[in-house]
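Here is the structure we will look at.
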Amino acid sequence: MTKVAELRHNATTNKWEASYAGQVFLKSTSKDYVVDKIVNQISEKAKKLGITDYVEVGAAPAGAKREVNPELQFSIDERFDILTDFVTMVAKRNVPSAVITGSGGLGKTHTVLAALAAAGLKNIDDLEVGAVMDEALQESTFLMVKGFSTAKALYRTLYENQNRVIVFDDCDSIQKDADAVNILKAALDSYESRTISWNSESPFGKEDALPRSFKFYGGVVFISNLPMYKVPQALISRCLAADVSMTREEIIQRMTTIVKAGEFLPAVDMEVKLECLEYLAEVSKLPEVQALNLRSLIKTVNIRLSVPSNWKRRALYSLLNDR
């Protein structure tokens with residue numbers, strides 16, 4: 001039996017919400033994003049509930065046209081341009097922080113790093129061993145933190161990089177730790193200097209040499225693979241936020257922009273890359289294809305170059321098994 005979700009617009013939050021049996025299981029500011037997740041069976045919650053279709057509640061009568069204000073529409077390429085501007089503002093200390101959200105594998109991290117480099121900041125990992133870490137050097141560099149982090153490790157990182165831009169990439173575990181969220185709230189706040197405190201009854205050991213509070217003057221860019229509505233509102237409200245969640249059509253559009261820019265797989269002929277991208281656009285309409293990102297294109301290009309006689313069948317098989 002086909003299960004159908006109800007799709008309605010929440011005027012209070014300005015989000016489209018998909019619900020079943022009265023429970024909201026998916027929401028976004030983009031209607032197309034929610035529909036895409038349901039119809040193409042990308043949403044894990046929709047799949048678990050057995051939902052394969054939707055009906056729009058409160059929709060306009062058949063034949064009627066709903067007016068859309070073009071000023072409120074932002075293409076995926078424009079949203080990536082905005083992302084770049086927000087990160088540049090953090091790098092130049094015009095604002096203290098930014099949060100970037102959206103599916104992984106579609107260029108968020110690359111765009112952030114490119115913006116920081118264009119603003120004149122260097123990755124601390126690229127410095128010579130033994131470089132003196134004075135305040136001036138901190139202000140001209142950034143630190144990349146990836147993966148799992150505890151609240152205490154987060155506190156230490158902020159303390160040791162008080163004047164540096166810190167990029168937290170794919171550190172979604174932080175959002176599940178109440179202590180870490182409170183520390184991050186202080187770091188993301190809109191003030192030039194922010195006081196970050198550790199008020200736990202469990203003190204630091206002597207070997208830690210960490211104060212109970214300190215002033216943080218650095219910048220923070222928090223990159224999450226989660227959609228924006230899943231990031232704690234207390235974090236979103238404190239900084240500039242850019243969401244680059246995409247529908248299947250927007251994913252193909254964004255990959256086209258990246259490919260035509262010339263930096264993606266530079267050793268491969270443009271004709272081959274566009275041929276593979278055209279094939280991905282074709283099979284992306286299949287709900288059985290779960291994952292679709294730049295890694296999908298790289299794999300398809302590699303198959304196209306390695307097995308030119310029957311590459312489409314091999315590529316499709318790979319895509320069907322990708323998650």
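If you're wondering where the values come from, they're calculated on a predicted model, not measured in any experiment. Hydrogens, waters and symmetry mates are skipped; everything else that's a heavy atom, side chains included, is used.
For the pair Glu6/Glu56, no side-chain contact is recorded, criterion being any heavy-atom separation below 4.5 Å from C-beta on. Residues His110 and Glu263 are in side-chain contact: their nearest non-hydrogen atoms beyond the backbone lie under 4.5 Å apart. Side-chain contact between Val220 and Val90: absent, with no pair of heavy atoms (C-beta onward) separated by less than 4.5 Å. Using a 4.5 Å heavy-atom cutoff, the side chains of Ile251 and Asn293 are not in contact. Within the 4.5 Å cutoff, no side-chain heavy atoms of Val167 are placed close to those of Val145. Residues Val34 and Leu7 are in side-chain contact: their nearest non-hydrogen atoms beyond the backbone lie under 4.5 Å apart. Looking at heavy atoms from C-beta onward, Ile82 lies in side-chain contact with Phe74 at the 4.5 angstrom threshold. The shortest distance between side-chain heavy atoms of Phe168 and Ser149 does not fall below 4.5 Å.
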Practice problem: Would you check, one step at a time, whether the test side-chain contact (heavy atoms from CB on, under 4.5 Å) holds for Leu113 with Phe142? | Solution: CA-CA 9 Å; Leu113 296 180; Phe142 68 90; 3.7 Å; yes
*asked:* Before you tell me yes or no, could you show the steps for Asn225 and Lys108 under side chain to side chain donor-acceptor pair (under 3.5 Å), namely the whole-Å CA-CA distance, both residues' side-chain angles and the distance that decides it to 0.1 Å?
replied: CA-CA 9 Å; Asn225 288 337; Lys108 296 193 307 296; 2.9 Å; yes
Could you check Thr300 against Leu280 for side-chain contact (heavy atoms from CB on, under 4.5 Å), going step by step and ending with a plain yes or no? CA-CA 8 Å; Thr300 302; Leu280 280 184; 3.8 Å; yes
Report task. Go through Val165 and Leu143 one step at a time and tell me if the side-chain contact (heavy atoms from CB on, under 4.5 Å) criterion holds. Result -> CA-CA 6 Å; Val165 170; Leu143 172 69; over 6 Å; no
Derivation and outcome, salt bridge (Lys or Arg N to Asp or Glu O under 4.0 Å), residues Arg164 and Glu139
CA-CA 5 Å; Arg164 181 175 282 126; Glu139 291 179 352; over 6 Å; no
Determine, step by step, whether Ile51 and Phe25 satisfy the side-chain contact (heavy atoms from CB on, under 4.5 Å) criterion, reporting the C-alpha distance in whole Å, the side-chain angles of both residues, the deciding distance to 0.1 Å, and the verdict. CA-CA 11 Å; Ile51 296 169; Phe25 65 89; 3.5 Å; yes
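With rounding to the nearest 0.5 angstrom, the CD atom of Gln162 is 11.0 Å from the CZ atom of Arg194. Here the CD1 atom belonging to Ile252 is positioned 11.0 Å from the CD atom belonging to Glu282, to the nearest 0.5 angstrom. The distance from atom CD1 of Ile298 to atom CD1 of Ile303, rounded to the nearest 0.5 Å, is 12.0 Å. The CD atom of Gln253 lies 6.0 Å from the OG atom of Ser75; values are rounded to the nearest 0.5 Å. A distance of 9.5 Å separates OG1 of Thr111 from CD1 of Ile100, quoted to the nearest 0.5 Å. Annotation: the span from Phe222 atom CZ to Cys171 atom SG amounts to 6.0 Å, rounded to 0.5 Å.
The cluster map of Ile, Leu, Val, Met, Phe, Trp and Tyr, joined by side-chain heavy atoms under 4.5 Å apart, puts Ile236 and Met89 in different clusters. Tyr33 and Tyr54 are assigned to two separate hydrophobic clusters, defined by single-linkage of ILVMFWY side chains at heavy-atom distances under 4.5 Å. A continuous path of ILVMFWY side-chain contacts below 4.5 Å connects Met270 to Ile258, so both sit in one hydrophobic cluster. Hydrophobic clustering (side-chain heavy atoms under 4.5 Å, transitive across Ile, Leu, Val, Met, Phe, Trp, Tyr) groups Val112 together with Phe264. Hydrophobic clustering, with ILVMFWY side chains joined whenever heavy atoms are under 4.5 angstrom apart, keeps Ile223 apart from Leu154.
Residues Phe148 and Ser173 share a closest heavy-atom pair of CD1-OG, 3.4 Å. Contact between Leu297 and Val259 at its shortest, heavy atoms only, is CD2-CG2, 3.6 Å. Closest of all the heavy-atom pairs between Leu106 and Met255 is CD2-CG, 4.5 Å. Leu121 approaches Thr141 most closely through the heavy-atom pair CD2-N, 4.2 Å. When all heavy atoms are compared, the tightest approach of Val57 to Arg8 is CG1-NH2, 3.3 Å. Residue Tyr279 comes nearest to Ala315 through the heavy atom pair CE2-CB, 4.1 Å, listed as atom of the first residue, atom of the second, then distance.
Listed for the Asn321 side chain is a donor-acceptor partner under 3.5 Å among the backbone atoms of Tyr317. A distance-only check finds no donor-acceptor pair linking the side chain of Asp189 to the backbone of Tyr191 [under 3.5 Å]. Between the side chain of Arg323 and the backbone N or O of Leu320, at least one donor-acceptor pair lies under 3.5 Å. Remark: side-chain polar atoms of Asp36 are not paired, donor with acceptor, to backbone N or O of Asp32 under 3.5 angstrom. Checked by atom type and distance alone, the side chain of Asp269 never pairs as donor or acceptor with a backbone atom of Val272 at under 3.5 Å. Although no hydrogens or angles enter the test, the distance criterion places no donor-acceptor pair under 3.5 Å between the side chain of Ser213 and the main chain of Ser197. For the pair Arg304 (side chain) and Trp311 (backbone), a donor-acceptor distance under 3.5 Å is absent. No donor-acceptor pair closer than 3.5 Å links the side chain of Lys15 to the backbone N or O of His9. One N or O on the side chain of Ser237 and one on the backbone of Gln233 form a donor-acceptor pair closer than 3.5 Å.
Taking the six-membered ring for Trp, Phe214 and Tyr155 have ring centres closer than 6.0 Å.
Asp169 has a carboxylate O that lies under 4.0 Å from a charged side-chain N of Lys146, or vice versa, which qualifies the two as a salt bridge.
With hydrogens and angles left out, the side-chain atoms of Asn40 and Lys285 include no donor and acceptor closer than 3.5 Å. When only modelled atom types and interatomic distance are considered, Ser284 and Arg248 share no side-chain donor-acceptor pair under 3.5 Å. Donor-acceptor pairing under 3.5 Å is lacking for the side chains of Ser140 and Lys122.
Other residues, nucleotides and ligands contribute over 12 non-hydrogen atoms within 6.0 Å of the CD atom of Glu160. When the shell of 6.0 Å around NZ of Lys47 is examined, it contains more than 12 heavy atoms from other residues, nucleotides or ligands.
Legend: salt bridge (charged side-chain N to carboxylate O under 4.0 Å, His left out) pairs involving residues 77-91, not counting sequence neighbours, sorted by first then second residue: Asp77-Arg254, Arg79-Glu250.
Scored by the side chain to side chain contact (heavy atoms under 4.5 Å, CB included) test, Ala291 finds Asp322 as partners (sequence neighbours excluded). Every side-chain hydrogen bond (donor to acceptor under 3.5 Å, both in side chains) that Ser245 has, sequence neighbours left out, goes to Asp243.
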